[in-house]
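For reference, the structure is listed below as C-alpha cells.
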Amino acid sequence: MLARHHDPIAAIATASGRGAIGIIRISGKGLGPIIEAVCGRELIPREATYLGFLDRDGQLLDQGLALYFPGPRSFTGEDVLELQAHGGPVVLQLLLARCLEAAKSPNPKTGSTRLEGLRVAGPGEFSERAFMNGKLDLARAEAIADLIDASTELAVRSASRSLTGAFSRDIRGLREAMVSLRLLVEATLDFPEEEIDFLRKADASGQLLGLQQRLAEVLRRATQGALLRDGIKVVIAGQPNAGKSSLLNALAGVELAIVTPIAGTTRDKVQQTLQIGGVPLHVIDTAGLRESVDEVEKIGISRAWDEIKSADVVLFLHDLTRSHLTDYNTAEEQIRVKLPLGVPVVNIWNKSDTLTALPKVDGICLSAKTGAGIDQLRNELLSTAGWQNTPEGVYIARARHIQALTLAATHIDAAQQHLLLMTSPPIDLLAEELRLAQNALNEITGEFTSDDLLGEIFSRFCIGK
C-alpha cells in the first residue's frame, strides 16, 4: 500500500446542493478522540445516536445522527464515522472543517494530536480503501460507481448484480478451473515421457473446451452489460433535407431539433440520450453532408464526420423523393465511399408517407413525419449494436473487462491449438498460454493490477465514495 493509503480521510459523501440530509464520512484508525471532540461523547458501535455536533467552543453547529463502525467490520475495513446532518452546503462545509480542525487540535487527555494526518479524501478513495483492505474486489468496487451512474432500470439491476458479486463469482469460477488445468499441465513437465497419456487420461482437452465455453458465456453477458453501462452512440448522417432532424425528433418523441424546408438548417450536432428496451442510445443529429462555401456550415460538416468516425452505428439517411435524381445519387455515393470501415451502417429510406408503393431497397423504409417504421428502426439499432433481449443474468461491465476477457479467450484458444498437437504437444507453451489467460482474468478482480490502473479507475468515482 502507498503512504497515502494509511492517512485518515474525510469527505462530504452526498451530492452537492441543498437537501434534507447530508453526510460527512471519515475513515481511518483510532477515531475515538475526534468522535469525542465533535459529538461530545462516545458512540455505541453500529448504533445510530441522535446528538448535537459541536464546534471548538462546545457550541452547537447542528444536530443529527452519528454512526460509528469499528474496523474491520466497516465499508473500508478501517474505523468509519458517519455524521448525518442537515443537507445545506454551508452546514456540511462547516461540519467538515470542524472535523479537520478537531483532528489537528491536541487531545486534552494525552496532549497529542487527536487524529494525525486527517485530510480531505480524493475521488473514490473510500471505495479504494475497501478494495485495498480486502472488503471488495475491483469489479465490485467499480460496480458502486456504475450503480450511481446508471441511467436505466436495466443498468441499475445489472450494476446491483455486479455489486453483490455475481460477476466476480463467475470470474473466480473461471480462474479456479484454469488453475486446476494449469496444475495438471505443469505436472507433466516433470514427467515428459508420460505427458501425452497423462493429459489424455485426465481429459485435458475436454476441460479446456469446457473452459472455453464458460468463458464465452461470461464474455457474452459482460458485453451486454457494457452496452447497458456505456450505451450506443448512434449518428444520423446524410445529405441536407433528408429528414435527419425529423428522425431525431421521432426517435425522441419530442421536438429537439429545428426542422425547416431550408437546406442546411442544422449547423452543429444535436445530441439526445434515449432509452430503447432499457439500453441507453446517444443519438446525434449532424449537419447535412455536402460541398459548401459557407464557413459556419463547413465547420458543422467537419464535426459531423468526426462524430461518424467515432460512432457505434451510423444511420445513413436517404430521401425517397429524390432517389431518382442523378445528381442526388452521385452525392450519395460520394458520402458512402467516405464512411469509415468497421462502423456498422444502417440504410434508412425516409419520407415513405409520400409514396403509394414502396420500392425494394437495402435498409428500412420509414416516415419520420408519421412515425411509420420507427419501431422497426429501434429493433434494428439494438440488433446492430449486439444487444440480445435476455437481460436476466447480465452484469454491468466496462471496456477494460471486455478487453481482459477477450485477451483471456485468445490465450485459451492458443492453448487449445497447442493441445491438439497430441503427437508432440509443446507443454511449456501450453502452460504459458494458460498462465497468461489467468493473469488477464486476475486484472478484472484486481488480484493482478498496477497502481497506475487503480489510480485511473478510482479517480473517476465521486468524492465521498
Side-chain angles (χ1 to χ4, degrees), residues 232-252 255-272 281-378 380-381 384:
I232 306 165
K233 181 178 178 180
V234 180
V235 175
I236 306 173
Q239 295 189 57
N241 266 7
K244 297 182 298 299
S245 298
S246 296
L247 181 57
L248 172 62
N249 293 342
L251 285 169
E255 295 293 321
L256 296 173
I258 299 172
V259 177
T260 75
I262 304 171
T265 299
T266 302
R267 296 296 187 97
D268 203 353
K269 65 181 182 181
V270 179
Q271 180 171 338
Q272 179 68 20
L281 266 69
H282 312 297
V283 185
I284 301 174
D285 172 27
T286 58
L289 303 176
R290 65 174 177 180
E291 295 295 327
S292 177
V293 296
D294 185 296
E295 287 300 320
V296 175
E297 187 177 6
K298 286 171 66 175
I299 293 172
I301 293 170
S302 175
R303 291 180 178 179
W305 281 112
D306 289 340
E307 295 295 340
I308 289 169
K309 292 174 185 176
S310 62
D312 295 314
V313 180
V314 172
L315 299 183
F316 188 7
L317 199 61
H318 312 281
D319 185 348
L320 282 170
T321 65
R322 291 184 282 167
S323 60
H324 62 287
L325 302 176
T326 301
D327 290 346
Y328 177 81
N329 289 323
T330 299
E332 290 281 273
E333 186 59 28
Q334 291 172 347
I335 294 172
R336 189 186 307 279
V337 297
K338 289 181 63 177
L339 292 174
L341 297 175
V343 178
V345 176
V346 179
N347 287 297
I348 307 297
W349 300 83
N350 190 27
K351 306 184 183 180
S352 63
D353 57 299
T354 62
L355 303 180
T356 55
L358 296 179
K360 290 184 179 181
V361 294
D362 174 23
I364 299 173
C365 284
L366 57 75
S367 170
K369 181 178 180 180
T370 67
I374 294 297
D375 287 341
Q376 182 185 356
L377 172 58
R378 291 190 176 106
E380 182 66 22
L381 279 172
T384 303

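Position 1 is the first residue of the sequence, and the numbers go up from there.
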>> Check this for me: does any side-chain nitrogen of one of R378 and D375 sit under 4.0 Å from a carboxylate oxygen of the other?
In response: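 Result for this pair is yes, salt bridge flagged.
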Taking [X] for the side chain and [Y] for the main chain, is one N or O donor matched with an acceptor at less than 3.5 Å?
| X | Y | value |
| --- | --- | --- |
| D312 | K233 | yes |
| S302 | I299 | no |
| Q239 | Y328 | yes |
| T330 | T326 | yes |

With rounding to the nearest 0.5 Å, note down the distance linking [atom1] in [X] to [atom2] in [Y].
| X | Y | atom1 | atom2 | result |
| --- | --- | --- | --- | --- |
| Q376 | L366 | CD | CG | 8.0 Å |
| K338 | L289 | NZ | CG | 7.5 Å |
| H318 | I335 | NE2 | CD1 | 9.0 Å |
| E291 | K298 | CD | NZ | 9.0 Å |
| I284 | L315 | CD1 | CG | 11.0 Å |
| N329 | R322 | CG | CZ | 10.5 Å |

[X] side chain near [Y] side chain, heavy-atom distance below 4.5 Å:
| X | Y | value |
| --- | --- | --- |
| T321 | N350 | no |
| N241 | D319 | no |
| L381 | I232 | no |
| R336 | N347 | yes |
| K369 | K351 | no |
| L247 | L377 | yes |
| W305 | L339 | yes |
| W349 | P359 | no |

Could you tell me which non-hydrogen atom of [X] sits nearest to which non-hydrogen atom of [Y], and how far apart they are?
| X | Y | answer |
| --- | --- | --- |
| A304 | A287 | CB-O, 4.1 Å |
| A368 | A250 | O-CB, 3.7 Å |
| S245 | D285 | OG-OD2, 2.6 Å |
| C365 | L358 | CB-CD1, 4.1 Å |
| I236 | T286 | O-OG1, 2.7 Å |
| A237 | K244 | C-CD, 3.6 Å |

>> If you apply the rule side chain to side chain contact (heavy atoms under 4.5 Å, CB included), what do you find for V346 with V313, and how did you get there?
In response: CA-CA 7 Å; V346 179; V313 180; 4.0 Å; yes
> Got a sec: does the CD of E333 have more than 12 other heavy atoms crowding it under 6.0 Å?
Replying inline: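 Yes, the 6.0 Å shell around CD holds more than 12 heavy atoms from other groups.
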